[in-house]
Amino acid sequence: MNKTVCSHVGLTCRDPQRMERFYCDHFGFRRARVYAPGPGQVVMIKSGDFYLELFQAGEKAPQPPPVKSGPDYPGWRHLCFLVDDLDGKLRELAEEVTITLGPTDMSGFIPGMRVCWVADPEGNILELNQGYVDEF
C-alpha cells in the first residue's frame, strides 16, 4: 500500500500577503515556496510538516462568511490550532481576529480542555484549543 500523508490546505484569499503575515506572525508558519511570482503568485507557508497554500481570489464569495464554530453545511468547518495558553493567544490576536464563539469550557468531554473559535482576517473560522488529548 502506498503511504499517504496530509500535506496542505489551500486557501483562496482576498489579500494573500496579509494572510501570510497573520499565519506567520501568530501560528509559527514560514514561507516555503512561491509558484508563479507576480500578481497571481501562489505562496506555500509551512508549520512543521503542514502547509497552507495561499491563492489570490478571482471572485467574490458566493455566501456570507461563516459564524460560530463554522458552517453547518457540508464542507470544511474550521482549522484548529492547539495552544498552551488560550487566554494568552486571545490577547495576542486581539486586534486581528473576531471571536465567533467562546471561550468555552469543554471539560465535560476532555478534562481541562477549553476552546474558542475566531475568524481570521478573511473570515475563515479557526478553533484555538487548549488541553486536547487523544483518547486512543
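Not measured: the values here are computed from a predicted model. Each residue takes its place number in the sequence, starting with 1.
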Q: Extract all donor-acceptor atom pairs below 3.5 Å that involve side chains of residues 27-45 and protein atoms in other chains or at least two apart in sequence.
A:
from	atom 1	to	atom 2	distance (Å)
R31	NE	E20	OE2	2.8
R31	NH2	E20	OE1	2.7
R31	NH2	E20	OE2	3.4

Q: Which donor-acceptor pairs under 3.5 Å do the side chains of residues 129-136 make with protein atoms, sequence neighbours left out?
A:
from	atom 1	to	atom 2	distance (Å)
N129	OD1	Y132	N	3.2
N129	ND2	E127	OE2	2.9
Q130	OE1	L86	N	2.6
Y132	OH	D134	OD1	2.8

Q: Output, in order, the C-alpha distance, side-chain angles, deciding distance and verdict of side chain to side chain contact (heavy atoms under 4.5 Å, CB included) for L90 and C116.
A: CA-CA 9 Å; L90 289 171; C116 188; 4.0 Å; yes

Q: Quick one: do V115 and L101 end up in the same hydrophobic cluster if we chain Ile, Leu, Val, Met, Phe, Trp and Tyr together by side-chain heavy atoms under 4.5 Å apart?
A: yes

Q: Between K89 and D84, is there a salt bridge with N-O shorter than 4.0 Å?
A: no

Q: Can you get from V118 to W76 by hopping between Ile, Leu, Val, Met, Phe, Trp and Tyr side chains that sit under 4.5 Å apart?
A: no

Q: Can Y51 be reached from L11 by stepping across I, L, V, M, F, W or Y side chains whose heavy atoms are under 4.5 Å apart?
A: no

Q: Does any donor atom in the side chain of S69 or R77 lie under 3.5 Å from an acceptor atom in the other side chain?
A: yes

Q: Under a 4.5 Å side-chain heavy-atom rule over Ile, Leu, Val, Met, Phe, Trp and Tyr, are Y23 and V83 clustered together?
A: yes

Q: Any heavy-atom pair between the side chains of T100 and H78 that's under 4.5 Å?
A: no

Q: Evaluate the side-chain proximity of W117 to V67: yes if any heavy-atom separation is below 4.5 Å, no if none is.
A: no

Q: Which pair of non-hydrogen atoms, one from G102 and one from T104, has the smallest distance, and what is that distance?
A: CA-OG1, 3.5 Å

Q: Closest approach of G10 and F55, non-hydrogen atoms and distance?
A: CA-CE1, 4.2 Å

Q: With the side chain counted from C-beta on, respond yes when E122 and T12 share a heavy-atom pair under 4.5 Å apart, and no when they do not.
A: no

Q: Do D87 and R91 come within less than 4.5 Å of each other through their side chains, counting heavy atoms only?
A: yes

Q: What is the distance from atom CZ of F81 to atom OG of S47, rounded to the nearest 0.5 Å?
A: 7.0 Å

Q: What are the two closest heavy atoms between C13 and L54, and how far apart are they?
A: SG-CD2, 4.0 Å

Q: Show your working on side chain to side chain contact (heavy atoms under 4.5 Å, CB included) between I125 and D120 and close with a plain yes or no.
A: CA-CA 6 Å; I125 303 297; D120 74 12; over 6 Å; no

Q: Could you tell me which non-hydrogen atom of S107 sits nearest to which non-hydrogen atom of G112, and how far apart they are?
A: OG-N, 3.3 Å

Q: Is it the case that over 12 heavy atoms from other parts of the model lie below 6.0 angstrom from the OH atom of Y73?
A: yes

Q: Are V9 and L128 in one and the same hydrophobic cluster, where Ile, Leu, Val, Met, Phe, Trp and Tyr link if side-chain heavy atoms are under 4.5 Å apart?
A: yes

Q: Indicate yes or no: at least one non-hydrogen side-chain atom of H26 is less than 4.5 angstrom from one of E96.
A: yes

